[in-house]
Amino acid sequence: MDFLGTLTRTHTCGELRASDAGKSVVLLGWVNRRRDHGSLIFLDLRDRYGITQVVMDNELSPVAHAKAEHARPEYVVAAIGKVRLRGKDVINPKMATGEIEVVANELRILNDAKVPPFSPAEEAIANEEVRLKYRYLDLRRPEMQRNLEIRHKVALAVREYLSAQGFFEIETPFMTRSTPEGARDYLVPSRVHPGEFYALPQSPQIFKQILMISGMDRYFQIARCFRDEDLRADRQPEFTQIDLEMTFPQQETVFAVVEGFLKAAFEVTGEQIRAPFPRMTYDEAIRRYGIDKPDLRLPAMVDLTSDFTPELRTALKIEQELPVLGFTVPRVGELSGTARKALTSDIRASLGDSALDVLDIARLRTNDTFAGLADKISEKLSDELKVFDERGLASRDLNVVITPKPGVAAQAKDRLWIYKKVGQLRLDLAKRFQDKHSAFEKKGNADDYKFLWVTDFPFFEWDGQTHTWTFAHHPFTSPHEDDLIAGRMESDPEAVRALAYDIVLNGMELGSGSIRIHRQDVQGQIFRALGMSDEEARLRFGFFLDALQYGTPPHGGIALGLDRIIMILTGATSLREVIAFPKTAKAIDLMADAPSQVSEQQLRELHIRPTKA
Ligand code: ASP
């Protein structure tokens with residue numbers, strides 16, 4: 001093995017071009033590939049910036065050539081030599097440095113490497129567990145380096161934008177008390193206070209609100225959050241949010257700031273987005289899309305309730321009171337009779353015993369009594385399609401109408417489940433035919449990104465497990481002032497709207513936030529409505545309730561998942577592709593082998609005695 005000595009790199013492995021021909025250079029990097037052609041040995045040197053071909057010619061420099069015989073993939077080497085233009089027939093247009101090569105007169109082997117379990121030079125991805133265990137090798141892959149580069153640049157663009165808007169980046173503690181997001185805390189035992197624990201923050205929520213009480217006016221943080229949840233498909237126990245809070249905002253003030261930094265973030269990869277984003281209330285989202293995070297790349301559902309008169313409902317065996325909903329999946333193409341039949345029975349199966357049924361519009365049309373209705377339905381669905389997409393193309397679209405079967409409970413508050421069920425079906429069918437309708441395909445323009453603000457969420461959510469009302473966002477979210485003034489908190493909690501909002505992109509929730517409660521009396525009222533006694537509230541959030549008493553300004557904010565934004569911008573298929581050291585779905589760090597057992601001594605110091613399960 002050789003020493004680096006006083007060698008310094010003159011160029012990176014991605015830098016040299018035809019115009020550098022003739023220059024003496026020093027390149028340092030990893031051996032990406034080695035090709036032995038007898039008297040010529042080629043080493044492709046790799047670093048973060050790219051790959052450069054280095055040639056060792058036995059005739060020109062036999063010592064360097066002899067060294068290269070020992071070099072193997074992932075060895076770290078220094079190549080000292082001259083840049084030479086490649087012959088016309090060996091120019092590699094796929095490589096940025098493909099017009100040149102470096103003819104080495106000296107090669108130093110700075111370090112060797114074991115045969116790696118997979119080659120960072122290969123595009124084919126090895127088993128993900130192996131990649132995570134040997135993350136340092138995985139991160140050598142150009143794709144991962146690019147993902148982390150984009151991540152860095154996006155974070156920087158967000159910082160610059162927010163800083164220019166007067167936001168201060170302020171760090172909040174990792175070791176603190178339980179925060180109010182409603183997930184399970186990660187706990188850290190205290191050595192100096194036996195039996196006491198810190199909690200890792202599920203978000204900086206309380207601290208950012210306290211910063212507003214402190215007069216900091218505008219705060220942000222690219223903040224790590226910790227939530228000990230059973231991990232669903234694409235979640236991480238520690239994740240990063242772009243978290244911000246501001247004093248005296250209207251909702252629109254928050255929206256404008258977010259639209260601004262998202263524009264800056266998307267520009268990092270050259271993506272254009274259209275702002276301001278549309279706004280939609282929760283109620284409208286459910287009624288038109290059946291979901292609180294509508295995917296606007298597909299046409300909305302159409303309410304056909306009024307087209308079904310009592311007589312028609314009786315004749316068609318449809319529940320009298322409940323809504324009838326239709327939707328279109330565009331450009332599915334002509335379906336054969338058999339395919340149509342199979343599809344109908346699949347839809348029926350997916351509706352299960354929900355007391356909903358699919359109406360066969362083609363069949364209606366063949367019947368004199370219902371032909372007019374069939375036309376009306378088709379017209380309404382194609383109107384919606386035209387609003388969505390000028391091209392229309394009604395004849396090749398798939399129209400689906402879902403009706404409630406008779407005897408289904410018709411109470412007003414139960415109706416939303418129908419919208420939700422049909423909304424889900426709309427998404428499932430769009431997915432099923434996605435190769436045909438191209439709604440999810442990237443078009444290379446601002447239409448690829450359908451952003452949306454969803455506002456006016458219900459304040460309370462019914463918790464089916466505990467049979468109590470719980471908060472839909474978090475307990476510091478302000479209810480609508482109108483609902484407070486009208487006394488709905490007591491008289492009709494279900495109707496109370498929150499000043500809470502979500503930002504949605506292509507059917508994905510990117511973040512949520514709210515205008516907060518700034519009055520102590522209102523906060524008390526909310527805790528009581530949530531069934532939290534004064535003592536319990538004091539125990540959990542006492543310090544915050546104290547702070548609220550000392551001149552708290554109206555304030556509000558939001559947090560957006562940075563990891564997810566990076567995933568969209570890189571086109572990655574999983575959060576693990578955009579986090580340097582992620583955990584598995586079982587919350588394990590396979591490289592560091594964490595969590596792990598600790599010594600008896602450590603446990604003793606922490607006053608912990610494990611119980612065997
Ligand atoms: N703390 C909230 C969350 O993490 C966001 C907010 O209300 O600002 O979802």
Side-chain angles (χ1 to χ4, degrees), residues 158 162 167 169-174 176-186 199-213 216-229 232 235-259 261-262 282 292-293 453-459 461 470-480 497-505 508-518 523 526 540-541 544 548 552-565 575:
V158 170
L162 290 175
F167 286 81
E169 184 166 18
I170 303 174
E171 291 154 280
T172 52
F174 273 1
T176 178
R177 281 181 90 88
S178 186
T179 45
E181 306 294 347
R184 200 176 293 114
D185 290 323
Y186 278 102
L200 300 182
Q202 294 180 29
S203 83
Q205 188 62 34
I206 295 181
F207 286 97
K208 69 174 174 174
Q209 290 194 236
I210 287 183
L211 287 169
M212 296 304 101
I213 301 175
M216 284 297 158
D217 199 60
R218 292 183 155 204
Y219 140 97
F220 86 99
Q221 187 179 188
I222 301 204
R224 197 65 66 78
C225 304
F226 306 86
R227 298 185 191 175
D228 186 3
E229 295 174 294
R232 283 188 260 141
R235 288 265 178 108
Q236 284 284 313
E238 51 179 309
F239 58 94
T240 307
Q241 286 190 339
I242 304 169
D243 189 49
L244 63 87
E245 194 75 8
M246 49 210 301
T247 305
F248 306 126
Q250 295 294 334
Q251 290 194 143
E252 288 292 330
T253 328
V254 179
F255 294 176
V257 167
V258 173
E259 287 167 358
F261 80 64
L262 281 177
Y282 169 87
D292 59 2
K293 34 179 192 271
W453 288 106
V454 179
T455 62
D456 299 281
F457 275 79
F459 190 86
E461 220 166 56
T470 174
F471 45 86
H473 187 45
H474 55 59
F476 304 143
T477 298
S478 177
H480 253 269
R497 292 157 302 160
L499 287 174
Y501 32 80
D502 274 5
I503 178 158
V504 174
L505 168 57
M508 217 182 326
E509 183 198 313
L510 274 195
S512 35
S514 62
I515 301 297
R516 323 296 183 190
I517 297 165
H518 65 279
Q523 188 66 71
I526 299 298
R540 284 191 66 188
F541 308 121
F544 179 63
L548 272 185
T552 300
H555 60 286
I558 192 164
L560 278 77
L562 176 68
D563 309 304
R564 201 157 290 275
I565 292 173
L575 288 176

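As the structure is a prediction and not an experimental result, all values here were calculated from the model. Counting convention: from 1, in listed order, for ligands and their atoms alike. The figures here come from the full heavy-atom set of this structure, side chains too, leaving out hydrogens, waters and symmetry mates.
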Heavy-atom contacts with [X] under 4.0 Å: which atoms of ligand 1 show up? List them by number with element.
X: Gly513; answer: 6 (C), 7 (O)
X: Ile558; answer: 8 (O)
X: Ser203; answer: 1 (N), 4 (O)
X: Arg516; answer: 6 (C), 7 (O), 8 (O)
X: Glu181; answer: 1 (N), 2 (C), 3 (C), 4 (O), 9 (O)
X: Gln205; answer: 1 (N), 2 (C), 5 (C), 6 (C), 7 (O), 8 (O)
X: Arg227; answer: 3 (C), 4 (O)

* Would you mind reporting whether Phe226 and Phe174 have side-chain heavy atoms less than 4.5 Å apart? =>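 Heavy-atom side-chain distance check passes, below 4.5 Å.
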* Is Val254 close to Tyr501 at the side-chain level, that is, under 4.5 Å between some pair of heavy atoms? ->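 Yes - at least one pair of side-chain heavy atoms lies under 4.5 Å apart.
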* Would you say the ring centroid of Phe261 lies under 6.0 angstrom from that of Phe220? ->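 Aromatic pair excluded; centres sit 6.0 Å or further apart.
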* **Heteroatom distance test (His474, ligand 1): nitrogen or oxygen, under 3.5 angstrom** =>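 Yes, since at least one N or O of His474 sits under 3.5 Å from an N or O of ligand 1.
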* To do: Please determine if Gln241 has a nitrogen or oxygen closer than 3.5 Å to a nitrogen or oxygen of ligand 1.
  =>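 Yes, since at least one N or O of Gln241 sits under 3.5 Å from an N or O of ligand 1.
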* Asp243 and its side-chain contact (heavy atoms from CB on, under 4.5 Å) partner, picked from Cys225, Pro204, Ser203 ->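 Running side-chain contact (heavy atoms from CB on, under 4.5 Å) over Cys225, Pro204, Ser203 with Asp243 returns exactly one hit, Pro204.
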* Please determine which of Leu505, Val504, Leu510 meets the side-chain contact (heavy atoms from CB on, under 4.5 Å) test together with Lys293. =>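 Testing Lys293 for a side-chain contact (heavy atoms from CB on, under 4.5 Å) against Leu505, Val504, Leu510 leaves exactly one candidate, Val504.
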* List the closest protein heavy-atom neighbour of atom 5 (C) of ligand 1: residue, atom name, distance to the nearest 0.1 Å. =>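 Going by distance alone, atom 5 (C) of ligand 1 is nearest to Ser512 O, 3.2 Å.
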* Establish, from distance only, whether the side-chain atoms of Gln251 and Thr455 form a donor-acceptor pair under 3.5 Å. =>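 Distance-only check fails for Gln251 and Thr455.
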* Taking atom types as modelled, find out whether Glu252 and Trp453 have a side-chain donor-acceptor pair closer than 3.5 angstrom. =>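 No, Trp453 and Glu252 have no side-chain donor paired with an acceptor closer than 3.5 Å.
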* Residue portion contacting ligand 1 (non-hydrogen atoms closer than 4.0 Å) for Ala559 ->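 Contact part for Ala559 vs ligand 1: both backbone and side chain.
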* Between Gln209, Lys208, Glu509, Glu245, flag the one that comes closest to atom 8 (O) of ligand 1 by a heavy atom. =>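 Comparing heavy atoms across Gln209, Lys208, Glu509, Glu245, the nearest one to atom 8 (O) of ligand 1 lies in Lys208.
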* For Arg184 and Asp228, indicate whether the former's side chain and the latter's backbone hold a donor-acceptor pair under 3.5 Å. =>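 Between the backbone of Asp228 and the side chain of Arg184 there is a qualifying donor-acceptor contact (under 3.5 Å).
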